Amino acid sequence: MKKTLILTTTLLMGSFNLQAATLDDQQKQEVRELVRKTLVENPDILVEAMNELRKQEVAAQQNADKQMLTARHKDLFENPENPVIGNPKAKLTIAYFGDYNCGYCKRQDPVLKKIVEENPNVKIVVKELPILGPESREAAEMALATFKQDKEKYLSVNQRLMSKPGRHSSGSIKAALKAEGVDSEKLKVDESVSKQINENLRLAQDLGIRGTPALVFPDEVLRGYTEEAALKEMIKQRL
């Protein structure tokens with residue numbers, strides 16, 4: 001019955017749109033009233049229509065994601081300039097877009113580090129994505145400059161920066177580096193650092209990532225915070 005009602009309404013609306021130019025005012029009003037009466041008497045049609053539209057939108061987004069993931073696979077998962085957390089020879093690689101001023105990233109970050117500690121078959125490629133102001137950019141630049149200078153210190157600096165409650169200031173960034181034995185005055189934020197951040201920003205744009213955190217599997221993009229249990233299940237399915 002519902003399918004019949006949906007089909008009837010669709011046909012009526014389609015007929016109205018196609019033939020509007022040939023109908024007189026009275027006929028147009030009659031069609032409008034018929035469509036309105038059908039929808040008022042069967043409001044669940046609108047819910048079903050919206051659900052169907054949402055399904056189509058999700059399917060379209062997933063299809064676009066898969067095409068882009070294929071095209072940008074190397075940039076996402078095989079860039080030697082990106083820091084890697086976990087076993088370098090892990091079977092599954094996840095790209096992680098984060099910002100040191102992002103509250104949800106501060107929740108996502110320890111979940112990811114716990115997962116790679118527990119599972120040697122998973123590694124995280126860190127994509128610094130400073131989108132929440134100049135301090136975010138400064139923190140990302142300092143972290144990447146640390147990585148270029150001393151890869152062994154990057155993880156501790158990354159954790160220290162991410163673990164600070166609230167937003168960073170220039171002072172808190174320098175304090176975080178100092179706490180990990182890094183002299184911020186000696187760090188070299190050169191063109192390669194800026195280039196990497198800008199490439200991450202473009203990559204995020206290509207993938208339709210408009211916020212942080214975002215996790216990218218080789219076959220799927222997760223936008224927003226992902227619970228530990230859900231993330232572990234997704235990893236289990238792919239391994």
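Remember, predicted model here, so these are calculated numbers, not experimental data.
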Quick check: are there more than 12 heavy atoms from other residues, nucleotides or ligands sitting under 6.0 Å from CD of Glu118? yes
SB check Lys113 Glu117 (cutoff 4.0 Å): no
Arg72 versus Leu207: any side-chain heavy-atom pair under 4.5 Å? no
Output yes when a side-chain donor or acceptor of Arg107 lies under 3.5 Å from a complementary backbone atom of Gly103, and no otherwise. no
Answer yes if Ile85 and Val157 sit in the same cluster of Ile, Leu, Val, Met, Phe, Trp and Tyr residues linked by side chain heavy atoms under 4.5 Å apart, and no otherwise. yes
So do the side chains of Ile235 and Ile94 get within less than 4.5 Å of each other, counting heavy atoms only? yes
To the nearest 0.5 angstrom, please state how far the CD atom of Glu185 sits from the CG atom of Leu187. 9.0 Å
A side-chain contact here means heavy atoms from C-beta on lying under 4.5 Å apart; do Gln196 and Lys148 qualify? no
Roughly how far, to the nearest 0.5 Å, is CG of Leu203 from CG of Asn198? 12.5 Å
Is there a donor-acceptor pair under 3.5 Å between the side chain of Gln108 and the backbone N or O of Thr226? yes
Quick one, Ile131 and Leu201 - any side-chain contact, counting heavy atoms below 4.5 Å? yes
Rounded distance (nearest 0.5 Å) linking atom CG of Asn101 with atom CZ of Arg167: 4.0 Å
Do Val125 and Val221 belong to the same hydrophobic cluster, where Ile, Leu, Val, Met, Phe, Trp and Tyr are linked whenever their side-chain heavy atoms lie under 4.5 Å apart, directly or via other members? no
Should the heavy atoms of other residues, nucleotides or ligands under 6.0 Å from CD of Glu191 be counted, would the total exceed 12? no
Hydrophobic cluster identity match, Leu215 and Ile124, side-chain contacts under 4.5 Å: yes
Can you tell me how far OG of Ser136 sits from CD of Glu141, rounded to the nearest 0.5 angstrom? 11.0 Å
Please evaluate residues Gln237 and Glu233 with respect to the criterion side-chain contact (heavy atoms from CB on, under 4.5 Å), reporting the C-alpha separation (whole Å), side-chain torsions for both, the decisive distance (0.1 Å), and the verdict. CA-CA 6 Å; Gln237 291 174 1; Glu233 180 60 28; 3.4 Å; yes
Tyr96 reachable from Leu155 in the ILVMFWY side-chain graph, under 4.5 Å edges: yes
Treating Arg137 as the side-chain partner and Ile197 as the backbone partner, does any N or O pair qualify as donor plus acceptor under 3.5 Å? no
Which heavy-atom pair separates Ile209 from Ala214 by the least distance, and what is that distance? CG2-CB, 3.6 Å
Can you tell me how far CG of Leu144 sits from CD of Glu128, rounded to the nearest 0.5 angstrom? 4.5 Å
Glu33 CD: over 12 foreign heavy atoms closer than 6.0 Å: yes
Minimum heavy-atom distance His73-Pro218, with the two atoms named: CE1-CB, 4.5 Å
Heavy-atom side-chain proximity of Asn119 to Leu239 below 4.5 angstrom: yes
Heavy-atom count around Gln205 CD within 6.0 Å, excluding the residue itself: above 12? no
Sidechain-backbone polar pair: Arg210 side chain, Arg223 backbone, donor-acceptor under 3.5 Å: no
Could you walk me through whether Glu220 and Arg238 pass the side-chain contact (heavy atoms from CB on, under 4.5 Å) test, one step at a time? CA-CA 11 Å; Glu220 186 173 358; Arg238 286 160 177 78; 2.8 Å; yes
So, does Lys174 use its side chain to make a donor-acceptor pair with the main chain of Ser184 at under 3.5 Å? no
Looking only at atom types and distance, does a side-chain atom of Asp99 sit under 3.5 Å from a main-chain N or O of Cys105, one as donor and one as acceptor? no
Have Gln159 and Asp109 got a donor and an acceptor in their side chains that come within less than 3.5 Å? no
Dump the intermediate steps for salt bridge (Lys or Arg N to Asp or Glu O under 4.0 Å) on Glu81 and Lys195, then the final yes or no. CA-CA 10 Å; Glu81 299 299 317; Lys195 180 181 178 182; over 6 Å; no
Minimum heavy-atom distance Ala90-Pro120, with the two atoms named: CB-O, 3.5 Å
Polar contact flag, side-chain donor to acceptor under 3.5 angstrom, Lys164-Ser172: no
Would you say Lys188 and Gln149 make side-chain contact, with heavy atoms under 4.5 Å? no
Close side-chain approach of Leu222 to Met234, heavy-atom, < 4.5 Å: yes
Rounded to the nearest 0.5 Å, the CZ atom of Arg160 sits from the CD1 atom of Ile173 at a distance of 14.5 Å
Is a donor on one side and an acceptor on the other found under 3.5 Å between the side chain of Lys123 and the backbone of Pro88? yes
Between Glu135 and Tyr100, is any side-chain donor less than 3.5 angstrom from a side-chain acceptor? no
Run the numbers on Asp206 and Asp75 for side-chain contact (heavy atoms from CB on, under 4.5 Å), then give the verdict. CA-CA 12 Å; Asp206 288 346; Asp75 297 326; over 6 Å; no
Given Val122, which of Thr93, Asn87, Val116 fulfils the side chain to side chain contact (heavy atoms under 4.5 Å, CB included) condition? Val116
Could you pull out all residues at least two apart from Phe147 that satisfy ring pair (Phe, Tyr, Trp, His ring centres under 6.0 Å)? Tyr154
Side chains of Leu112 and Leu231, heavy atoms from C-beta outward: is any pair under 4.5 Å? yes
Got a sec, which pairs hit ring-ring contact (aromatic ring centres under 6.0 Å, His included) with one end in residues 172-227, sequence neighbours left out? none
Within the side chain of Asn200, is there an N or O that forms a donor-acceptor pair under 3.5 Å with the backbone of Lys127? no
Ser170 versus Glu138, closest heavy-atom pair with distance: OG-OE1, 2.7 Å
Check whether Leu129 and Val189 end up in the same hydrophobic cluster, where Ile, Leu, Val, Met, Phe, Trp and Tyr are linked by side-chain heavy atoms less than 4.5 Å apart. yes
For Ala143 and Leu161 the tightest heavy-atom approach is CB-CD1, 4.2 Å
